[in-house]
Amino acid sequence: MEYNFRKIEDDWQKYWAEKQTFKAENNATKPKYYVLDMFPYPSGAGLHVGHPLGYIASDIYARYKRHKGFNVLHPQGYDSFGLPAEQYAIQTGQHPAITTEANIKTYRKQLDQIGFSFDWSREVRTSDPSYYKWTQWIFIQLFESYYCKDANQARSISELEAVFATEGNYRINAACDDNIEIFGADDWKNYSEEQKQKILLKYRLTFLSETEVNWCPALGTVLANDEIVNGVSERGGHTVIRKKMMQWSMRITAYAQRLLDGLAKIDWPQPLKDSQTYWIGRSEGAMVSFNVIASETKQSLPYKIDVFTTRPDTIFGVSFMTLAPEHELVSKITTPEQKEAIETYKKATSKRSELERMADVKTISGVFTGAYAQHPFSGKEVPIWIGDYVLAGYGTGAVMSVPCGDERDYAFAKHFNIEIPNIFEGVDISEEAYTDKENSVIANSDFLNGLPYKKAMKTIIYEIEKRGFGYGKINYRLRDAVFSRQRYWGEPFPVYYKNGMPQMIDKQYLPIVLPEVEKYLPTEDGQPPLGNATTWAWDTNTNTIVSNDKISHPSGDLGGVFSLELNTMPGWAGSSSYFNRYMDSENTEEFVSKEAVNYWQDVDLYIGGSEHATGHLLYSRFWQMFLYDKGVVPVEEYAKKLINQGMITGTSAFVKRVGFTFFNLAGIDFSVKDNENLNLLREEFKVVKDKIISEDLILYLKKTYNLDKTNNKEHIEHMKKREVLINYLINPISQKISELGLIDKILIDDGDLQFFKTHVSVDYVNSNDQLDFERLKKEDILYKEVEFITADSNIFLCSREVEKMSKSKYNVVNPDQICVEYGADSLRMFEMFLGPLEQSKPWKTSGISGVYSFLKKLWKLYIVNDVFSVSDEEPTPEEFKVLHKTIKKVEEDIANFSFNTSVSTFMIAVNELTALKCNKRAILEPLAIIIEPYAPHIAEELWKNLGHSTSISTVEFPVFEPKYLVESRKEYPVSFNGKMRFKIELSLDLGIKEIEDAVLAHEKTQEHLQGRIPKKVIIVHGKIINIVE
RNA sequence: GCAGAAGUGGUGGAAUUGGUAGACACGCUGGACUUAAAAUCCAGUGGGCAGUAAUGCUCGUGCGGGUUCAAGUCCCGCCUUCUGUACCA
């Protein structure tokens, strides 16, 4: 009876699907446990071996929890809106929904064959109208809410309207736009409906505003900061420029402090928390106002420059101010003499792309405006400059420059010869700024003199507030999140426009379904792709989507038909609350029912990649807090514990071509023509395209050049071989050389050979790095005419390097082939066996035979004379010991997510039981259970053959009993000065003194001591003995 | 620049509170079975030195110091690689 994994795995996958073994119930007496994976984007390339890593880990955990008596929710779905499907649609005209559907089918098939215990009855797809109905619903909730800073929570916008109507906005303390004017109840009543809406928009948690965005012309869309890598788009690497656009934004900044505080409550990896903390970027300081004065008359101008500073204590060190070139005051305060210079500079900076600005951080540039500001305390006038090191988008877009305490201000001042007053006690600032705030003591600063940092901070903020120059403030680096995308394949907004003001469509008419378009590109006049839709208007009479030509009036006021929003939502919209929807995915009336969400509460374990640290994982926390405020969900943080699985890197394979360097020989007459020809030659043979050389020959070529020439015989032998090879490579070149008439005029340097490597698909390379070049030549047109040069053996070797697994690097390994060859259980165990879950690790299939033969050995334990059979005999203490030590270790490993070590533990157990020839039910039955989370198919089959008629999946996990591990004797390692020399077996009943006597009496101890008396004998009971000489 | 993670045999990795460094597996070497191959099984396998051998000695966890009876593990100072981030006032 062989281990027939194909049949076993097929059978059980069918069984689980038919019996819905892993369907979770929303009301159960068992305690709940929610295990979640980050749902995948179904790309056209299908799954590669890196994807299942996290899924296998979470599946092991979920299965383990079922054995431990939990009602486990382990759902899966698809984040199916996204750019690749849209780009594919642009190229081929194929509707994204069709390609997405096809990709999902492939994913599902691939996932199914790995044997995951997902509850597919709860599947969600973000691109499915029945799902994005709720994304739209949450959007509406955000629109209908504002953030009350007093209550520190989101409140209904109608509450705000009520306050406005009774007392205006004097007392409102809300997270809102900066430019809100104060009004009273009477003002409010007299405002037109449009004016009211405009004001309310400034308070809403999702709002329209003109924002400077990262516009990518090539993609025709706005990109979020985290979609830009090194100044170009993450996808496609296109340039990104800054542009002002009317956009939906999410007021995530309202939640900055809570997002920060919440981190303390959750068990997430510290690096991930660190990057969120940094991203939110809280800094404490003060807002200070500087009055602008006219340069000539020294009279106050009606302008103030507000700056945010984290070092108000250094305010007496201010010797100039710097504004961002885009700052609105720049044009107002610039003096006529400076106008031209300022305008030129502004133009130059706006042209510079993000990429350029980032590339030369070191270049200092700026222009004096001609205007001065008055120092609020000293009354001194300080010049106002503009400079692009000040960013318009952060703080107020202006800084008070303290060159002695800030590196950039220092560099700027040095560069433009601005005064650098020193306001630190006992510090030399002639070479660089003094930035160590904790140890600073203030000097030359009036009432701050002699105060250390903390005291100076308190004092100055008190004074600033007292004198009315400003106030203490906490600033955050976090920006409000732009929520509009100029794409087709995303959630449409439930929004239409009436007189240019956005209106929400009532919940009962959701979902607003994505319209059909002919082209997925932006329209010719620059509208988003939805601008191509002809049926994309909202009829408020019928509450349906109707044809655009029914819009009766440009502003849409007459017939009650209005144009719908043309933007769609960004990628993170659909993923920001999907984990709540899984709890009640079929509910058509509510996002999630009270019963369901109160039962499941939150995710107990969330597994996914760390690349989502500042994107998905921040936005989803924000939405969760909002939904918590609204009473939709019962907890503020949705994931108690999070694990980042490491990346699996691929082992890329390379083939190398050789290239030659040519020199003209010294002392030879060289004509212009010759020179041209030489360049021609260099161009053509920089790389010899039609010959590829095996790696062993390349190593040989490198090695032989520097060979020790004193060993004559060997040297000559090698040089001969080398010459043959080089000549072979050079021959066609020689021909060319003679054609060009360059013989005897140039030198080919065969010492400094250049090698050029090209990726070759790993599919053609076996685990010994041998390339099947015959097949490659047949199947890949690029290599049809190429000659593969090998050593005598005719074996072609590739060179290898570890890189990120990616299609473009031709190193993607697909799990399907492994499932076919070794089975899902082997794949699962092997992926875990690779190394610690959270570390990145290279993929090498060579080790898979190890886990495969382990599974075969496991199977054999249950087989006697080719028949499945176990004995009911009582196991020996030794056999019990093997079992219980395995249970103990595996449970500890699961708790620590150390799945790689539990695989070795299983191997050790099976090796030991095989050695013991153990065939006893009392051992082998529990063994099948503890191995089930890792290798569920074989475990089910063993369980069935052990005589059980139901699935093993919820059988109680064997209980570890320490009594089986109690030892009576210990083999003590005996060390001398910490170096282990020999072992001595002693009873564990012995006391320290008795052990010492026994050890000192031992002949080997005597041998080592050679009659010397040890200084000290250290004995750790049950562990070690160390003799100090 | 800043933040984080990591560095252990030919390879992936183990060593949970400082206590036998290299578990487990791959690979490699030798052997058994076989006409042969695959599969399977057995033995060996960090480097160096000595010895016919059993064995012994010695070096060894990126580098340099330190604490300790004892350091891969703790402390100080560096180096390298990876990942994230980008003038945040």
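First the proteins, then the strands, lettered A, B, ... as listed; each starts at 1.
- Between A/H1021 and A/Y972, the two ring planes are perpendicular [angle over 60°; tilted spans 30° to 60°].
- Nearest-nucleotide assignment on RNA chain B puts the 5′-proximal partner with A/G850, out of A/G850 and A/N977.
- Remark: B/G46 base-pairs with B/C59; criterion is Watson-Crick or G-U wobble with both hydrogen-bond distances under 3.5 Å.
- For the pair A/Y394 and B/A89, the criterion of a side-chain N or O lying under 4.0 Å from OP1 or OP2 is met.
- The A/K860 side chain lies nearest to B/U40 when the options are B/U40, B/C24, B/G19.
- Between B/G12 and A/N900, no contact under 4.0 Å exists linking OP1 or OP2 to a side-chain N or O.
- Rounded to whole Å, the separation between the C1' atoms of B/G18 and B/A32 comes to 46 Å.
- Using N1 to N3 plus N6-O4 or O6-N4 for Watson-Crick, or N1-O2 and O6-N3 for G-U wobble, each under 3.5 Å, B/A32 pairs with B/U40.
- Taking atom CD1 of A/I1027 as the reference point, atom C1' of B/U20 lies 14 Å away to the nearest angstrom.
- Counting distance only, with no hydrogens placed and no angle test, the side-chain atoms of A/K983 and the base atoms of B/U20 include a donor-acceptor pair under 3.5 Å.
- Relative to the side chain of A/W279, the nucleotides B/C69, B/C26, B/A86 differ in distance, and B/A86 lies closest.
- If you check B/U11 for Watson-Crick or wobble pairing at under 3.5 angstrom, you find it paired to B/A25.
- Pair assignment for B/C88: none, as no Watson-Crick or G-U wobble contacts are both less than 3.5 Å.
- At a threshold of 4.0 angstrom between heavy atoms, the contacts of A/I908 are confined to the sugar-phosphate backbone, with no base atom among them.
- Across all strands shown, B/U20 has no partner, as no Watson-Crick or G-U wobble contact with both distances under 3.5 Å is found.
- Rounded to whole Å, the P atom of B/C69 lies 41 Å from the corresponding atom of B/C82.
- Between B/G84 and B/G9, the two P atoms lie 26 Å apart (nearest whole Å).
- Candidate nucleotides B/A23, B/U85, B/A25 were compared by shortest atom distance to the side chain of A/F833, and B/A25 ranks first.
- With A/F830 as reference, A/W843 is the one residue of A/Y822, A/F899, A/Y934, A/W843 to meet the ring-ring contact (aromatic ring centres under 6.0 Å, His included) rule.
- Salt bridge annotation for A/K414-A/E432: absent, with no cationic side-chain nitrogen under 4.0 angstrom from a carboxylate oxygen.
- Phosphate contact (OP1/OP2 of B/U40, side-chain N/O of A/K856, threshold under 4.0 Å): present.
- Using a 4.0 Å heavy-atom criterion, one finds that A/V1028 contacts the sugar-phosphate atoms exclusively.
- With rounding to whole Å, A/L272 atom CG is found 12 Å from B/U85 atom P.
- Under 4.0 angstrom from either OP1 or OP2 of B/G1 there lies no side-chain N or O belonging to A/R408.
- Among the nucleotides B/C24, B/C87, B/U17, the one closest to the side chain of A/K1023 is B/U17.
- A/R981 has no side-chain polar atom (N or O) that falls below the 4.0 Å cut-off from OP1 or OP2 of B/G56.
- Taking atom C1' on both B/G27 and B/G46, the two are 15 Å apart, rounded to the nearest angstrom.
- A/R477 forms a cation-pi arrangement with A/Y278, by the criterion of a distance under 6.0 Å to the ring centre and an angle within 45° of the ring axis.
- Nearest-nucleotide positions on RNA chain B for A/Y278 and A/Y852 put A/Y852 closer to the 5' end.
- If you measure from atom CZ of A/R477 to atom P of B/A89, you get 9 Å, rounded to the nearest angstrom.
- Side chain to side chain, A/T901 and A/S898 meet the donor-acceptor criterion of an N or O pair below 3.5 Å.
- With C1' as the reference atom, B/G12 and B/G7 are 15 Å apart, rounded to whole Å.
- Between B/G13, B/C87, B/A25, one nucleotide has an atom nearer to the side chain of A/P836 than all others, and that is B/G13.
- Nucleotides B/C24 and B/G30 are separated by 23 Å at their P atoms, to the nearest Å.
- Across the protein-nucleic acid pair, A/I474 atom CD1 and B/A89 atom P stand 14 Å apart, rounded to whole Å.
- Distance A/N896 CG to B/A14 C1': 14 Å, rounded to the nearest Å.
- With its glycosidic angle within 90° of 0, B/G9 is assigned syn.
- Minimum interatomic distance between A/I429 and A/C404 (heavy atoms only, all atoms of both residues): CD1-CB, 3.8 Å.
- Using a cutoff of 4.0 Å between basic side-chain nitrogens and carboxylate oxygens, A/K1016 and A/E996 are not scored as salt-bridged.
- Comparing B/C26, B/A89, B/G4 against the side chain of A/D274 picks out B/G4 as the nearest.
- Out of B/C24, B/G56, B/A89, the shortest distance to the side chain of A/V399 is found at B/A89.
- Within the shown strands, B/A3 is the pairing partner of B/U83 under the Watson-Crick or G-U definition, both distances less than 3.5 Å.
- Residue A/T901 is classed as a sugar-phosphate contact, given heavy-atom separations below 4.0 Å to backbone atoms only.
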